[in-house]
Amino acid sequence: MPAPDPSIRVRIAPSPTGPLHIGTARTALFNYLFARHVGGTFIFRLEDTDVARNTVENERDIIDGLHWLRITWDEGPDAAGGDDIGPYAPYRQLRRLERYAAAARHLLAEDAAYPCFCTPEELEADRKAQEAAKQPPRYVGRCANLSPDERAARVAEGRRAATRFRVRPGVVGWTDLVRDRIEIDTANLGGDFVIVRADGTPLYHFTVVVDDAAMEISHVIRGEDHVSNTPKHILLFEALGHAVPVFGHLPLILNPDGTKMSKRKTQTAVSDYRAEGFVQEGFLNYLAFLGWSPGTEEDVLSLDEVVERFDIDKVQKGGARFDRDRLEWLNGQWIRRIEPDDLVDRLRPFVEAAAGDGRIDWVPSDEELRALLPVVQERLPTLGAIVDLVGFLWVDEVTVDPAILVPKRWDAATTREGLGAAREALAAHDGVTWEADELEPPLRELVEARGWKAGDLFMAI
RNA sequence: GCCCUCAUCGUCUAGAGGCCUAGGACGCCACCCUUUCAAGGUGGAGAUCAGGGGUUCGAAUCCCCUUGGGGGCACCA
(Lines give C-alpha, C1' and ligand atoms only; values in the text may rest on other atoms or scores of the structure.)
Protein backbone atom coordinates (compact mmCIF):
# COMPACT_ATOMS: atom_id res chain seq x y z
CA MET A 1 0.00 0.00 0.00
CA PRO A 2 1.38 3.41 -0.96
CA ALA A 3 1.38 6.22 1.58
CA PRO A 4 -1.89 8.16 1.37
CA ASP A 5 -1.65 11.21 -0.88
CA PRO A 6 -4.48 13.61 -0.05
CA SER A 7 -3.72 15.77 -3.07
CA ILE A 8 -4.89 13.09 -5.47
CA ARG A 9 -8.67 13.03 -5.79
CA VAL A 10 -10.46 11.33 -8.68
CA ARG A 11 -14.08 10.48 -9.30
CA ILE A 12 -16.54 8.47 -11.32
CA ALA A 13 -19.80 10.29 -11.98
CA PRO A 14 -22.36 8.09 -13.72
CA SER A 15 -25.90 9.20 -14.36
CA PRO A 16 -28.59 6.67 -13.48
CA THR A 17 -30.30 6.91 -16.86
CA GLY A 18 -29.52 3.26 -17.58
CA PRO A 19 -28.00 0.19 -15.97
CA LEU A 20 -24.24 0.03 -15.32
CA HIS A 21 -22.58 0.18 -18.72
CA ILE A 22 -19.40 -1.67 -19.55
CA GLY A 23 -17.77 1.63 -20.50
CA THR A 24 -18.72 3.24 -17.20
CA ALA A 25 -17.34 0.22 -15.35
CA ARG A 26 -14.08 0.53 -17.25
CA THR A 27 -13.78 4.25 -16.53
CA ALA A 28 -14.57 3.57 -12.88
CA LEU A 29 -11.92 0.84 -12.81
CA PHE A 30 -9.20 3.06 -14.29
CA ASN A 31 -10.00 5.85 -11.85
CA TYR A 32 -9.91 3.33 -9.03
CA LEU A 33 -6.57 1.93 -10.23
CA PHE A 34 -5.13 5.41 -10.59
CA ALA A 35 -6.23 6.40 -7.09
CA ARG A 36 -5.25 3.17 -5.35
CA HIS A 37 -1.87 3.00 -7.01
CA VAL A 38 -0.82 6.31 -5.52
CA GLY A 39 -2.91 6.30 -2.35
CA GLY A 40 -5.34 8.94 -3.57
CA THR A 41 -9.05 9.27 -2.88
CA PHE A 42 -11.71 7.80 -5.13
CA ILE A 43 -15.08 9.50 -5.16
CA PHE A 44 -18.44 8.28 -6.45
CA ARG A 45 -20.92 10.94 -7.47
CA LEU A 46 -24.35 10.53 -9.01
CA GLU A 47 -25.21 12.89 -11.85
CA ASP A 48 -28.94 12.62 -11.46
CA THR A 49 -30.15 15.91 -12.89
CA ASP A 50 -31.92 14.25 -15.80
CA VAL A 51 -35.03 13.62 -13.73
CA ALA A 52 -37.04 12.30 -16.65
CA ARG A 53 -34.69 9.40 -17.32
CA ASN A 54 -33.34 8.59 -13.86
CA THR A 55 -34.61 5.61 -11.90
CA VAL A 56 -33.78 4.13 -8.52
CA GLU A 57 -33.46 0.75 -10.24
CA ASN A 58 -30.65 2.09 -12.40
CA GLU A 59 -29.02 3.64 -9.38
CA ARG A 60 -29.15 0.31 -7.62
CA ASP A 61 -27.85 -1.52 -10.68
CA ILE A 62 -24.87 0.81 -10.93
CA ILE A 63 -23.95 0.61 -7.27
CA ASP A 64 -24.51 -3.15 -7.08
CA GLY A 65 -22.48 -3.67 -10.22
CA LEU A 66 -19.52 -1.71 -8.90
CA HIS A 67 -19.75 -3.54 -5.59
CA TRP A 68 -19.77 -6.83 -7.48
CA LEU A 69 -16.60 -5.78 -9.27
CA ARG A 70 -15.02 -4.86 -5.91
CA ILE A 71 -14.48 -1.31 -7.08
CA THR A 72 -14.80 0.56 -3.81
CA TRP A 73 -14.94 4.30 -3.22
CA ASP A 74 -13.98 6.50 -0.30
CA GLU A 75 -16.66 9.15 -0.64
CA GLY A 76 -20.20 9.09 -2.01
CA PRO A 77 -23.45 7.16 -1.60
CA ASP A 78 -22.75 3.54 -0.86
CA ALA A 79 -26.26 2.23 -1.43
CA ALA A 80 -29.05 3.15 -3.81
CA GLY A 81 -31.02 5.94 -2.20
CA GLY A 82 -28.73 5.67 0.81
CA ASP A 83 -26.82 8.31 2.71
CA ASP A 84 -23.85 10.11 1.28
CA ILE A 85 -20.59 9.58 3.08
CA GLY A 86 -17.72 12.05 2.95
CA PRO A 87 -16.63 15.61 3.69
CA TYR A 88 -18.05 17.04 0.48
CA ALA A 89 -21.55 15.60 0.78
CA PRO A 90 -24.02 15.53 -0.79
CA TYR A 91 -22.70 13.53 -3.72
CA ARG A 92 -25.92 13.52 -5.75
CA GLN A 93 -26.47 16.47 -8.00
CA LEU A 94 -30.16 16.70 -7.26
CA ARG A 95 -29.20 17.62 -3.70
CA ARG A 96 -26.69 20.23 -4.85
CA LEU A 97 -29.05 22.40 -6.90
CA GLU A 98 -28.59 25.48 -4.72
CA ARG A 99 -24.82 25.34 -5.33
CA TYR A 100 -25.26 25.44 -9.11
CA ALA A 101 -27.70 28.31 -8.78
CA ALA A 102 -25.21 30.21 -6.64
CA ALA A 103 -22.40 29.57 -9.12
CA ALA A 104 -24.63 30.76 -11.96
CA ARG A 105 -25.51 33.93 -10.07
CA HIS A 106 -21.84 34.54 -9.56
CA LEU A 107 -21.06 34.18 -13.27
CA LEU A 108 -24.02 36.41 -14.16
CA ALA A 109 -22.86 39.08 -11.72
CA GLU A 110 -19.42 39.08 -13.29
CA ASP A 111 -20.91 39.15 -16.80
CA ALA A 112 -19.10 35.90 -17.52
CA ALA A 113 -22.58 34.67 -18.42
CA TYR A 114 -25.75 36.40 -19.56
CA PRO A 115 -29.47 35.75 -19.81
CA CYS A 116 -30.53 34.41 -23.20
CA PHE A 117 -34.13 34.85 -24.33
CA CYS A 118 -33.88 32.99 -27.63
CA THR A 119 -36.73 30.61 -28.23
CA PRO A 120 -36.24 27.01 -29.30
CA GLU A 121 -37.76 27.99 -32.64
CA GLU A 122 -35.22 30.75 -33.19
CA LEU A 123 -32.34 28.47 -32.32
CA GLU A 124 -33.66 25.75 -34.56
CA ALA A 125 -33.97 28.23 -37.45
CA ASP A 126 -30.36 29.37 -36.89
CA ARG A 127 -29.18 25.78 -36.96
CA LYS A 128 -31.03 25.01 -40.16
CA ALA A 129 -29.65 28.10 -41.89
CA GLN A 130 -26.12 27.15 -40.85
CA GLU A 131 -26.59 23.65 -42.05
CA ALA A 132 -27.89 24.87 -45.41
CA ALA A 133 -24.86 27.15 -45.74
CA LYS A 134 -22.60 24.21 -44.80
CA GLN A 135 -21.49 26.10 -41.73
CA PRO A 136 -20.73 24.43 -38.41
CA PRO A 137 -23.61 24.94 -35.96
CA ARG A 138 -23.01 27.66 -33.42
CA TYR A 139 -24.94 30.14 -31.28
CA VAL A 140 -25.24 33.40 -33.22
CA GLY A 141 -25.03 35.62 -30.14
CA ARG A 142 -28.40 37.26 -30.49
CA CYS A 143 -28.69 37.90 -26.74
CA ALA A 144 -25.00 38.40 -26.00
CA ASN A 145 -25.10 42.16 -25.86
CA LEU A 146 -28.61 43.07 -24.84
CA SER A 147 -28.92 46.32 -22.91
CA PRO A 148 -30.54 46.30 -19.46
CA ASP A 149 -33.63 47.88 -21.03
CA GLU A 150 -33.88 45.22 -23.71
CA ARG A 151 -33.61 42.50 -21.10
CA ALA A 152 -36.23 44.13 -18.95
CA ALA A 153 -38.52 44.39 -21.95
CA ARG A 154 -38.25 40.67 -22.64
CA VAL A 155 -38.84 39.82 -19.03
CA ALA A 156 -41.89 42.07 -19.10
CA GLU A 157 -43.16 40.05 -22.05
CA GLY A 158 -43.05 37.08 -19.75
CA ARG A 159 -40.11 35.39 -21.45
CA ARG A 160 -37.93 33.15 -19.33
CA ALA A 161 -34.20 33.33 -19.86
CA ALA A 162 -31.67 30.53 -20.03
CA THR A 163 -28.16 31.37 -18.84
CA ARG A 164 -25.42 31.38 -21.42
CA PHE A 165 -21.71 31.29 -20.69
CA ARG A 166 -19.51 33.68 -22.64
CA VAL A 167 -16.83 31.83 -24.57
CA ARG A 168 -13.74 34.01 -24.83
CA PRO A 169 -11.73 34.06 -28.04
CA GLY A 170 -8.37 32.33 -28.04
CA VAL A 171 -6.86 28.90 -27.74
CA VAL A 172 -7.41 26.58 -24.79
CA GLY A 173 -4.90 23.81 -24.23
CA TRP A 174 -3.97 21.20 -21.69
CA THR A 175 -1.51 18.37 -21.27
CA ASP A 176 -3.54 15.22 -21.31
CA LEU A 177 -2.44 12.27 -19.18
CA VAL A 178 -2.82 9.85 -22.05
CA ARG A 179 -2.64 11.94 -25.24
CA ASP A 180 -0.16 14.68 -24.31
CA ARG A 181 -0.70 18.22 -25.55
CA ILE A 182 -4.09 19.16 -26.97
CA GLU A 183 -5.03 22.64 -28.07
CA ILE A 184 -8.40 23.79 -29.31
CA ASP A 185 -9.42 27.18 -30.62
CA THR A 186 -12.52 28.36 -28.75
CA ALA A 187 -13.91 29.54 -32.10
CA ASN A 188 -14.74 25.88 -32.69
CA LEU A 189 -16.77 25.46 -29.53
CA GLY A 190 -20.07 26.43 -31.08
CA GLY A 191 -20.38 29.84 -29.50
CA ASP A 192 -21.65 30.77 -26.06
CA PHE A 193 -23.24 27.76 -24.46
CA VAL A 194 -26.17 27.34 -22.10
CA ILE A 195 -25.32 26.41 -18.52
CA VAL A 196 -28.77 26.79 -16.96
CA ARG A 197 -32.04 26.07 -18.74
CA ALA A 198 -34.87 28.59 -18.88
CA ASP A 199 -36.66 26.48 -16.27
CA GLY A 200 -33.74 26.96 -13.91
CA THR A 201 -32.22 23.48 -14.05
CA PRO A 202 -28.46 23.31 -14.64
CA LEU A 203 -26.85 21.51 -17.56
CA TYR A 204 -24.19 18.82 -17.52
CA HIS A 205 -21.13 20.83 -18.56
CA PHE A 206 -21.87 23.25 -15.78
CA THR A 207 -22.66 20.81 -13.00
CA VAL A 208 -19.57 18.66 -13.57
CA VAL A 209 -17.31 21.64 -13.28
CA VAL A 210 -19.06 23.14 -10.27
CA ASP A 211 -18.89 19.76 -8.53
CA ASP A 212 -15.35 18.89 -9.55
CA ALA A 213 -14.27 22.28 -8.25
CA ALA A 214 -16.22 21.98 -5.02
CA MET A 215 -14.97 18.45 -4.38
CA GLU A 216 -11.39 19.42 -5.16
CA ILE A 217 -11.02 16.82 -7.89
CA SER A 218 -7.36 16.85 -8.94
CA HIS A 219 -7.49 14.49 -11.93
CA VAL A 220 -10.40 14.05 -14.28
CA ILE A 221 -10.05 10.66 -15.94
CA ARG A 222 -12.88 9.93 -18.35
CA GLY A 223 -13.77 8.67 -21.81
CA GLU A 224 -12.33 10.05 -25.02
CA ASP A 225 -15.77 11.30 -25.98
CA HIS A 226 -15.16 14.26 -23.67
CA VAL A 227 -12.00 15.56 -25.33
CA SER A 228 -13.87 18.12 -27.40
CA ASN A 229 -15.83 19.25 -24.35
CA THR A 230 -12.76 19.81 -22.22
CA PRO A 231 -12.14 23.42 -23.35
CA LYS A 232 -15.63 24.32 -22.13
CA HIS A 233 -14.79 22.81 -18.78
CA ILE A 234 -11.46 24.60 -18.56
CA LEU A 235 -13.13 27.91 -19.38
CA LEU A 236 -15.69 27.27 -16.65
CA PHE A 237 -13.04 26.37 -14.05
CA GLU A 238 -11.25 29.61 -14.87
CA ALA A 239 -14.42 31.69 -14.70
CA LEU A 240 -15.23 30.14 -11.35
CA GLY A 241 -11.78 31.07 -10.12
CA HIS A 242 -10.76 27.50 -9.45
CA ALA A 243 -7.57 25.65 -10.36
CA VAL A 244 -7.99 23.51 -13.47
CA PRO A 245 -7.57 19.80 -12.76
CA VAL A 246 -5.36 17.48 -14.78
CA PHE A 247 -7.27 15.68 -17.53
CA GLY A 248 -6.78 12.19 -18.89
CA HIS A 249 -8.93 10.80 -21.70
CA LEU A 250 -9.29 7.07 -22.00
CA PRO A 251 -9.77 5.36 -25.36
CA LEU A 252 -13.28 4.09 -25.98
CA ILE A 253 -14.42 0.50 -26.04
CA LEU A 254 -15.65 -0.31 -29.54
CA ASN A 255 -17.99 -2.89 -31.06
CA PRO A 256 -16.16 -5.88 -32.61
CA ASP A 257 -16.53 -4.14 -35.98
CA GLY A 258 -14.72 -1.04 -34.72
CA THR A 259 -17.72 1.28 -34.48
CA LYS A 260 -18.78 3.07 -31.33
CA MET A 261 -20.02 0.58 -28.80
CA SER A 262 -23.77 0.17 -28.98
CA LYS A 263 -26.35 -1.94 -27.25
CA ARG A 264 -27.37 -3.33 -30.60
CA LYS A 265 -23.99 -4.83 -31.42
CA THR A 266 -22.47 -5.55 -28.03
CA GLN A 267 -23.95 -6.60 -24.73
CA THR A 268 -23.30 -3.45 -22.72
CA ALA A 269 -24.96 -4.01 -19.35
CA VAL A 270 -22.57 -5.34 -16.72
CA SER A 271 -25.45 -7.10 -14.99
CA ASP A 272 -26.03 -9.20 -18.12
CA TYR A 273 -22.47 -10.53 -17.97
CA ARG A 274 -22.90 -11.26 -14.31
CA ALA A 275 -26.15 -13.08 -15.04
CA GLU A 276 -24.43 -15.19 -17.65
CA GLY A 277 -21.90 -16.37 -15.12
CA PHE A 278 -18.88 -14.21 -15.68
CA VAL A 279 -16.95 -14.02 -12.44
CA GLN A 280 -15.91 -10.70 -11.01
CA GLU A 281 -12.20 -11.55 -11.23
CA GLY A 282 -12.34 -12.45 -14.91
CA PHE A 283 -14.51 -9.55 -15.97
CA LEU A 284 -12.31 -7.06 -14.17
CA ASN A 285 -9.15 -8.64 -15.52
CA TYR A 286 -10.52 -8.30 -19.03
CA LEU A 287 -11.60 -4.69 -18.53
CA ALA A 288 -8.21 -3.73 -17.11
CA PHE A 289 -6.45 -5.06 -20.19
CA LEU A 290 -8.70 -3.20 -22.61
CA GLY A 291 -6.53 -0.22 -23.42
CA TRP A 292 -3.88 -0.93 -20.83
CA SER A 293 -1.13 -3.47 -20.39
CA PRO A 294 1.51 -3.90 -17.70
CA GLY A 295 4.21 -4.02 -20.35
CA THR A 296 5.14 -7.54 -19.30
CA GLU A 297 3.88 -10.82 -20.66
CA GLU A 298 1.51 -11.35 -17.75
CA ASP A 299 -2.14 -11.63 -18.63
CA VAL A 300 -3.98 -13.18 -15.72
CA LEU A 301 -3.82 -10.66 -12.89
CA SER A 302 -5.94 -9.98 -9.82
CA LEU A 303 -7.29 -6.53 -9.00
CA ASP A 304 -4.56 -6.01 -6.40
CA GLU A 305 -1.88 -7.05 -8.85
CA VAL A 306 -3.24 -4.64 -11.43
CA VAL A 307 -3.32 -1.84 -8.82
CA GLU A 308 0.36 -2.50 -8.13
CA ARG A 309 1.32 -2.35 -11.80
CA PHE A 310 -1.03 0.37 -13.01
CA ASP A 311 0.52 3.32 -14.79
CA ILE A 312 -1.65 5.71 -16.77
CA ASP A 313 1.31 6.38 -19.06
CA LYS A 314 0.85 2.88 -20.41
CA VAL A 315 -2.75 3.45 -21.42
CA GLN A 316 -3.31 2.97 -25.14
CA LYS A 317 -4.44 5.94 -27.25
CA GLY A 318 -6.55 4.11 -29.81
CA GLY A 319 -9.93 2.54 -29.12
CA ALA A 320 -10.14 -1.17 -28.26
CA ARG A 321 -12.65 -3.56 -29.77
CA PHE A 322 -14.61 -5.75 -27.46
CA ASP A 323 -13.51 -9.38 -27.81
CA ARG A 324 -15.84 -11.84 -26.19
CA ASP A 325 -13.61 -14.87 -26.87
CA ARG A 326 -10.85 -13.36 -24.82
CA LEU A 327 -13.27 -12.43 -22.02
CA GLU A 328 -14.48 -16.04 -21.89
CA TRP A 329 -10.95 -17.39 -21.85
CA LEU A 330 -9.98 -15.13 -18.96
CA ASN A 331 -13.19 -16.02 -17.17
CA GLY A 332 -12.31 -19.70 -17.49
CA GLN A 333 -8.85 -19.01 -16.14
CA TRP A 334 -10.38 -17.44 -13.04
CA ILE A 335 -13.06 -20.08 -12.57
CA ARG A 336 -10.27 -22.66 -12.39
CA ARG A 337 -8.62 -20.67 -9.63
CA ILE A 338 -11.68 -20.53 -7.38
CA GLU A 339 -11.65 -22.60 -4.17
CA PRO A 340 -14.16 -25.50 -4.27
CA ASP A 341 -16.47 -24.30 -1.48
CA ASP A 342 -16.51 -20.82 -2.94
CA LEU A 343 -17.23 -22.21 -6.39
CA VAL A 344 -20.17 -24.26 -5.12
CA ASP A 345 -21.61 -21.08 -3.61
CA ARG A 346 -21.17 -19.22 -6.85
CA LEU A 347 -22.61 -22.02 -8.97
CA ARG A 348 -25.74 -22.43 -6.85
CA PRO A 349 -27.64 -19.37 -8.15
CA PHE A 350 -27.16 -20.56 -11.71
CA VAL A 351 -28.47 -24.02 -10.94
CA GLU A 352 -31.40 -22.51 -9.09
CA ALA A 353 -32.15 -20.22 -12.00
CA ALA A 354 -32.18 -23.23 -14.34
CA ALA A 355 -34.62 -24.99 -12.04
CA GLY A 356 -36.70 -21.84 -11.91
CA ASP A 357 -37.17 -21.66 -15.64
CA GLY A 358 -37.60 -25.40 -16.15
CA ARG A 359 -34.30 -26.26 -17.79
CA ILE A 360 -33.76 -28.79 -15.02
CA ASP A 361 -36.24 -30.50 -12.72
CA TRP A 362 -34.51 -30.33 -9.37
CA VAL A 363 -31.67 -28.58 -7.64
CA PRO A 364 -28.68 -30.67 -6.57
CA SER A 365 -27.31 -30.48 -3.04
CA ASP A 366 -24.06 -28.75 -2.19
CA GLU A 367 -22.45 -32.15 -1.73
CA GLU A 368 -23.51 -33.21 -5.20
CA LEU A 369 -22.22 -30.01 -6.77
CA ARG A 370 -19.01 -30.30 -4.83
CA ALA A 371 -18.53 -33.88 -6.05
CA LEU A 372 -18.92 -32.73 -9.65
CA LEU A 373 -16.25 -30.08 -9.40
CA PRO A 374 -13.31 -32.27 -10.44
CA VAL A 375 -15.20 -33.02 -13.65
CA VAL A 376 -16.56 -29.56 -14.47
CA GLN A 377 -14.33 -26.91 -12.94
CA GLU A 378 -11.75 -26.87 -15.67
CA ARG A 379 -14.23 -26.89 -18.47
CA LEU A 380 -16.55 -24.05 -17.47
CA PRO A 381 -16.18 -20.92 -19.58
CA THR A 382 -18.88 -19.28 -17.42
CA LEU A 383 -20.71 -20.30 -14.26
CA GLY A 384 -23.95 -20.54 -16.23
CA ALA A 385 -22.41 -23.20 -18.47
CA ILE A 386 -22.75 -25.70 -15.61
CA VAL A 387 -26.30 -26.39 -16.76
CA ASP A 388 -25.28 -27.06 -20.36
CA LEU A 389 -22.50 -29.33 -19.20
CA VAL A 390 -24.20 -31.53 -16.60
CA GLY A 391 -27.81 -30.36 -16.44
CA PHE A 392 -28.90 -33.79 -17.71
CA LEU A 393 -28.14 -35.11 -14.23
CA TRP A 394 -30.98 -33.11 -12.75
CA VAL A 395 -33.87 -33.87 -15.07
CA ASP A 396 -36.61 -36.48 -14.69
CA GLU A 397 -36.24 -37.73 -18.20
CA VAL A 398 -33.27 -37.48 -20.48
CA THR A 399 -34.03 -37.19 -24.14
CA VAL A 400 -31.07 -37.99 -26.32
CA ASP A 401 -30.65 -37.93 -30.06
CA PRO A 402 -29.84 -41.59 -30.86
CA ALA A 403 -27.59 -40.52 -33.70
CA ILE A 404 -24.97 -39.13 -31.34
CA LEU A 405 -24.72 -42.46 -29.52
CA VAL A 406 -23.27 -44.34 -32.48
CA PRO A 407 -19.46 -44.69 -32.35
CA LYS A 408 -17.52 -43.88 -35.50
CA ARG A 409 -16.89 -47.48 -36.58
CA TRP A 410 -20.31 -48.81 -35.60
CA ASP A 411 -23.77 -48.59 -37.06
CA ALA A 412 -27.02 -48.12 -35.14
CA ALA A 413 -27.85 -51.83 -34.94
CA THR A 414 -24.46 -52.80 -33.58
CA THR A 415 -24.66 -49.99 -31.06
CA ARG A 416 -28.05 -51.17 -29.84
CA GLU A 417 -26.74 -54.70 -29.57
CA GLY A 418 -23.58 -53.62 -27.78
CA LEU A 419 -25.45 -51.50 -25.26
CA GLY A 420 -27.93 -54.32 -24.57
CA ALA A 421 -25.20 -56.87 -24.10
CA ALA A 422 -23.30 -54.54 -21.81
CA ARG A 423 -26.35 -54.07 -19.64
CA GLU A 424 -26.73 -57.80 -19.19
CA ALA A 425 -23.05 -58.21 -18.49
CA LEU A 426 -23.21 -55.59 -15.79
CA ALA A 427 -26.55 -56.59 -14.28
CA ALA A 428 -24.80 -59.10 -12.08
CA HIS A 429 -22.85 -56.29 -10.49
CA ASP A 430 -25.86 -54.29 -9.33
CA GLY A 431 -25.63 -53.64 -5.66
CA VAL A 432 -21.88 -54.01 -5.54
CA THR A 433 -19.50 -51.05 -5.56
CA TRP A 434 -19.94 -50.01 -9.22
CA GLU A 435 -16.32 -48.92 -9.42
CA ALA A 436 -14.37 -48.86 -12.67
CA ASP A 437 -12.05 -51.64 -11.56
CA GLU A 438 -15.01 -53.86 -11.02
CA LEU A 439 -16.88 -53.02 -14.23
CA GLU A 440 -14.06 -53.14 -16.72
CA PRO A 441 -13.21 -56.89 -16.68
CA PRO A 442 -16.68 -58.16 -17.60
CA LEU A 443 -16.96 -55.59 -20.36
CA ARG A 444 -13.60 -56.59 -21.79
CA GLU A 445 -14.67 -60.22 -21.72
CA LEU A 446 -17.80 -59.27 -23.61
CA VAL A 447 -15.82 -57.40 -26.22
CA GLU A 448 -13.52 -60.34 -26.71
CA ALA A 449 -16.39 -62.80 -27.01
CA ARG A 450 -18.08 -60.72 -29.70
CA GLY A 451 -14.94 -59.69 -31.57
CA TRP A 452 -15.56 -55.96 -31.01
CA LYS A 453 -13.09 -53.26 -30.15
CA ALA A 454 -13.13 -52.09 -26.54
CA GLY A 455 -12.98 -48.42 -27.57
CA ASP A 456 -16.17 -48.66 -29.59
CA LEU A 457 -18.18 -50.23 -26.81
CA PHE A 458 -16.83 -47.83 -24.19
CA MET A 459 -17.55 -44.94 -26.48
CA ALA A 460 -21.17 -45.99 -26.85
CA ILE A 461 -21.57 -46.46 -23.12
C1' G B 1 -19.71 21.09 -42.95
C1' C B 2 -16.13 22.45 -38.97
C1' C B 3 -12.86 20.99 -34.87
C1' C B 4 -10.20 17.23 -32.08
C1' U B 5 -7.95 12.62 -32.23
C1' C B 6 -6.05 7.68 -33.36
C1' A B 7 -3.39 4.03 -36.66
C1' U B 8 1.82 -2.91 -34.90
C1' C B 9 -0.85 -10.21 -36.67
C1' G B 10 -8.47 -11.27 -37.47
C1' U B 11 -8.64 -9.32 -31.94
C1' C B 12 -6.16 -7.36 -27.20
C1' U B 13 -1.30 -5.83 -27.02
C1' A B 14 4.85 -5.57 -26.25
C1' G B 15 7.77 -1.98 -28.55
C1' A B 16 9.82 5.17 -26.10
C1' G B 17 16.20 5.28 -33.01
C1' G B 18 20.23 0.10 -33.32
C1' C B 19 18.35 -5.59 -28.49
C1' C B 20 12.99 -6.55 -34.22
C1' U B 21 14.81 -12.01 -39.36
C1' A B 22 8.66 -7.33 -34.70
C1' G B 23 7.61 -10.62 -28.80
C1' G B 24 3.18 -12.43 -25.87
C1' A B 25 -2.06 -13.61 -25.33
C1' C B 26 -7.09 -14.75 -27.47
C1' G B 27 -8.97 -17.06 -31.71
C1' C B 28 -7.57 -20.63 -35.77
C1' C B 29 -4.79 -25.27 -37.50
C1' A B 30 -1.78 -29.71 -36.34
C1' C B 31 0.33 -33.09 -33.04
C1' C B 32 0.93 -35.05 -27.90
C1' C B 33 -1.84 -36.40 -23.53
C1' U B 34 -6.76 -38.61 -23.07
C1' U B 35 -11.16 -45.19 -24.44
C1' U B 36 -15.74 -38.76 -24.87
C1' C B 37 -15.57 -33.38 -24.37
C1' A B 38 -12.61 -29.95 -22.19
C1' A B 39 -8.16 -28.48 -19.77
C1' G B 40 -2.88 -28.87 -20.31
C1' G B 41 1.71 -29.46 -23.37
C1' U B 42 4.34 -28.81 -28.11
C1' G B 43 4.48 -26.78 -32.85
C1' G B 44 2.34 -23.91 -36.99
C1' A B 45 -0.15 -20.33 -40.06
C1' G B 46 -0.88 -15.19 -39.15
C1' A B 47 1.77 -7.92 -39.25
C1' U B 48 6.42 -5.76 -46.14
C1' C B 49 4.59 -2.19 -38.30
C1' A B 50 -2.17 1.76 -43.06
C1' G B 51 0.26 4.15 -47.71
C1' G B 52 3.80 7.81 -49.48
C1' G B 53 7.60 11.21 -48.62
C1' G B 54 11.46 13.04 -45.53
C1' U B 55 15.30 13.38 -41.00
C1' U B 56 19.32 9.81 -39.67
C1' C B 57 25.06 5.84 -40.64
C1' G B 58 20.43 3.38 -38.97
C1' A B 59 12.99 4.24 -38.08
C1' A B 60 7.55 0.25 -36.12
C1' U B 61 9.74 4.08 -33.10
C1' C B 62 11.05 11.44 -35.00
C1' C B 63 8.66 15.13 -38.86
C1' C B 64 5.18 16.07 -43.08
C1' C B 65 1.28 14.56 -46.44
C1' U B 66 -2.48 11.06 -47.90
C1' U B 67 -5.93 7.38 -46.61
C1' G B 68 -8.84 5.00 -43.13
C1' G B 69 -11.09 4.75 -38.18
C1' G B 70 -13.01 7.09 -33.72
C1' G B 71 -14.93 11.32 -31.01
C1' G B 72 -17.27 16.15 -30.59
C1' C B 73 -20.08 20.45 -32.39
C1' A B 74 -27.97 20.49 -27.90
C1' C B 75 -32.04 24.68 -23.13
C1' C B 76 -28.78 15.23 -23.42
C1' A B 77 -25.39 13.11 -20.09
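Source: prediction; values computed, not measured.
Across all strands shown, A30(B) is found opposite U42(B) as a Watson-Crick or G-U wobble partner, with both distances under 3.5 Å. Pairing for C73(B) is with G1(B), a Watson-Crick or G-U wobble pair whose two hydrogen-bonding atom distances lie under 3.5 Å. Of all nucleotides present, none satisfies the Watson-Crick or G-U wobble test against A22(B) with each distance under 3.5 Å. Pairing partner, C9(B): none, since no Watson-Crick or wobble contact has both distances short of 3.5 Å.
Here, G10(B) and U66(B) have their C1' atoms 25 Å apart, quoted to the whole Å. Nucleotides G23(B) and A14(B) are separated by 15 Å at their P atoms, to the nearest Å. Nucleotides U61(B) and A7(B) place their C1' atoms 14 Å apart, quoted to the nearest Å. Between U48(B) and G70(B), the two P atoms lie 22 Å apart (nearest whole Å). Annotation: C9(B) and G27(B) have their C1' atoms spaced 12 Å apart (nearest Å). Using C1' as the reference atom, U56(B) and C63(B) are 12 Å apart when rounded to the nearest Å. G1(B) and U21(B) have their C1' atoms separated by 48 Å, given to the nearest Å. Between the P atoms of G51(B) and U67(B), the separation comes to 16 Å (whole Å).
Of the candidate nucleotides U5(B), U36(B), A39(B), U5(B) has the atom lying nearest to any side-chain atom of Ile182(A).
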*Let me see the working for Arg181(A) and Glu183(A) under side chain to side chain contact (heavy atoms under 4.5 Å, CB included), right down to the final yes or no.*
CA-CA 7 Å; Arg181(A) 192 70 194 167; Glu183(A) 293 187 340; 3.5 Å; yes

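Side-chain atoms of Thr27(A) and Arg222(A) form no donor-acceptor pair, as typed in the model, at a separation below 3.5 Å.
Phe322(A) and Tyr286(A) have perpendicular rings, their planes meeting at more than 60° on a 0 to 90° scale where under 30° would count as parallel. Between Phe165(A) and Phe193(A), the two ring planes are tilted [angle within 30° to 60°].
Counting to the nearest Å, the P atom of G24(B) and the CG atom of Leu301(A) are 18 Å from each other. Nucleotide A39(B) holds its C1' atom 12 Å from the CG atom of Leu389(A), rounded to whole Å. The distance between atom CD1 of Ile184(A) and atom P of C4(B), rounded to the nearest whole Å, is 7 Å. For the pair Lys317(A) NZ and U8(B) C1', the computed distance is 14 Å after rounding to whole Å. Atom C1' of nucleotide C28(B) and atom CZ of Arg324(A) are separated by 19 Å, given to the nearest angstrom. Taking atom CZ of residue Phe289(A) and atom P of nucleotide U13(B), one finds them 11 Å apart after rounding to whole Å. What separates CG of Asp185(A) from C1' of C3(B) is a distance of 9 Å, to the nearest Å. At whole-Å resolution of the value, NZ in Lys134(A) and P in C3(B) are 15 Å apart.
The closest side-chain heavy-atom distance from Pro381(A) to Trp329(A) is not below 4.5 Å. Side-chain contact between Val167(A) and Arg138(A) is absent, with no heavy atoms from C-beta onward closer than 4.5 Å. Leu107(A) is not listed as a side-chain neighbour of Thr163(A), based on a closest heavy-atom distance of 4.5 Å or more.
Within 4.0 Å (heavy atoms only), Gly318(A) reaches sugar-phosphate atoms of the nucleic acid but no base atom. Note on Glu298(A): nothing from the nucleic acid sits closer than 4.0 angstrom, heavy atoms only. Nucleic acid contact for Gly291(A): sugar-phosphate only, since backbone atoms but no base atoms lie under 4.0 Å from a heavy atom of the residue.
A residue-by-residue look at Glu440(A) and Pro256(A) shows that Pro256(A) has its nearest nucleotide of RNA chain B further toward the 5' end. Remark on RNA chain B: of its neighbouring residues Pro251(A) and Leu327(A), the 5'-side contact belongs to Pro251(A), judged by nearest-heavy-atom nucleotide.
Listed by first then second residue, pairs satisfying salt bridge (charged side-chain N to carboxylate O under 4.0 Å, His left out) with a partner in residues 451-461 of chain A read Arg409(A)-Asp456(A), not counting sequence neighbours.
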*If the sugar-phosphate is the primed atoms plus P, OP1 and OP2 and the base is the rest, what is the B/S/- string for nucleotides 68-77 of chain B, using protein heavy atoms under 4.0 Å?*
--SBSBSBSB

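Dashed line: the shortest gap from a side-chain N or O of Gln333(A) to OP1 or OP2 of C26(B) is not under 4.0 Å.
In terms of heavy-atom proximity, Pro14(A) sits nearest to Phe44(A) at CG-CE1, 3.7 Å.
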